[in-house]
Amino acid sequence: MIENEVEKLRNEMVEAMKKMIPIVAISPESGGKGEEERAKFVESLLKDIGFDEIKRIDAIDHLGFKRPNIVAKIYGQNKERTLWIAAHMDTVPEGDRNLWKTDPFKAHVENDKIYGRGTEDNGQALIGAIFAIKAIRNSGTKTKSNIGFIAVSDEEVGSKYGMEYLVEHYDFGKNDSFLIPDSGNEDGSEIEIAEKGILWFSIVTHGIQSHGSRPDLGKNAHRIGMEVSLEIDKILHEKFNSINEIFTPPYSTFEPTKKDANVSNINTIPGTDIIYFDSRVLPSYKIDDVIETIRGVIEKYEKKYNTKIELKIIQKADPAKPTDINDKVVQDLIKILKETRKINPKIIGIGGGTVAAILRRKGYPAVVWSTLDPVEHSPNEYCKISNLVNDAKVFALMYLNF
Ligand SMILES: [Zn+2]
């Protein structure tokens, strides 16, 4: 049984995690040196297993750093199709060190947990997938389809030099499917097949600054900004109000979030006001229609107050067409989880943000699944060794079934 082969590698998996975590892989934009050193380590693990192809598809980012991406393949009986498991090498920074009980860049093992930045996000998937492949190699089995493994950079800062770059520079087969173990719940019963679209924007309202006692000489940008924002909030919720129960929450969200400071003292009428929104839009809508609606409100208030109000788009990602629930990669995963874990998996959609959306936009079936405690990006992030090993068993079964 392949599960036994994976089980035999338990200690090697923990050791690999302990070696990888001290090789820091924070993106240059977040103050790190990038993923190159970690990529060399990942490559050494892959070379040790023996692949038919190992390719580097490296990007150079706008700061001049090399951002490595690794694509590796073992041929199956049918070379025309590949199941890819993709994980990201980069991590977020450790955050406030004082909140950590142990060194975030030394993997600290305690009972069933390995503590350290990036152990769970996304080390668990990275090490798990590599050792699932090693287990298949050790078993001597030739799989029906190709075994594919991907390690990307830049996931935490938007994937421009990671998966976005890879899909433009590597030829995936038209029959390929993808498993992305980068989101999940505590018992692994959630299979994500859809993501909402994302729109981050700001409303920049221009008025006229004046003394706090003489609003008649100025034009209060803060009041206009609040009015415009409240109306945008109301109209977006009314117009884009459909419900899709696979998502939590099951509707599109439009949230005023950040607010830039305007004047530093109480007795000045602000001449400029900036309010930000984070919106997550159901796949049935187009982001451009949302933008059109916002522009309509802005024009109305520009006329009402005879002033300039700007809309700035900060991030825009159209929702991808969801992966078909009847696709083989989804159905295989449901079957394996039912048989091996005795659970009834639930198909879900999320608020956006995994590399699966990039693949779905290119027309590839992509499922996001893993078994995770909600500790990613937190201080004292950990990966459960049982999740590391048991998810690797599922990965191995997925490769063998495909
Ligand atoms: Zn992640």
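Atoms within each ligand, like the ligands themselves, are counted from 1 in listed order.
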Going by heavy atoms in the side chains, are Phe65 and Ser27 under 4.5 Å from each other? no
Give a yes or no on this: more than 12 heavy atoms of other residues, nucleotides or ligands lie within 6.0 Å of atom CG of Asn241. yes
Of Arg341, Lys384, Glu186, the one forming a side chain to side chain contact (heavy atoms under 4.5 Å, CB included) with Thr371 is Arg341
Among the N/O/S atoms of His88, select the one at the shortest distance from the Zn ion (ligand 1) and name it. NE2
Out of the N/O/S atoms in Asp182, what is the name of the one closest to the Zn ion (ligand 1)? OD1
Establish, yes or no, whether the cationic atom of Lys79 lies under 6.0 Å from the six-membered ring centre of Tyr75 and within 45° of the ring axis. yes
Has Glu156 got an N/O/S atom less than 2.8 Å from the Zn ion (ligand 1)? no
Is the distance from the Zn ion (ligand 1) to some N, O or S atom of Asp121 under 2.8 Å? yes
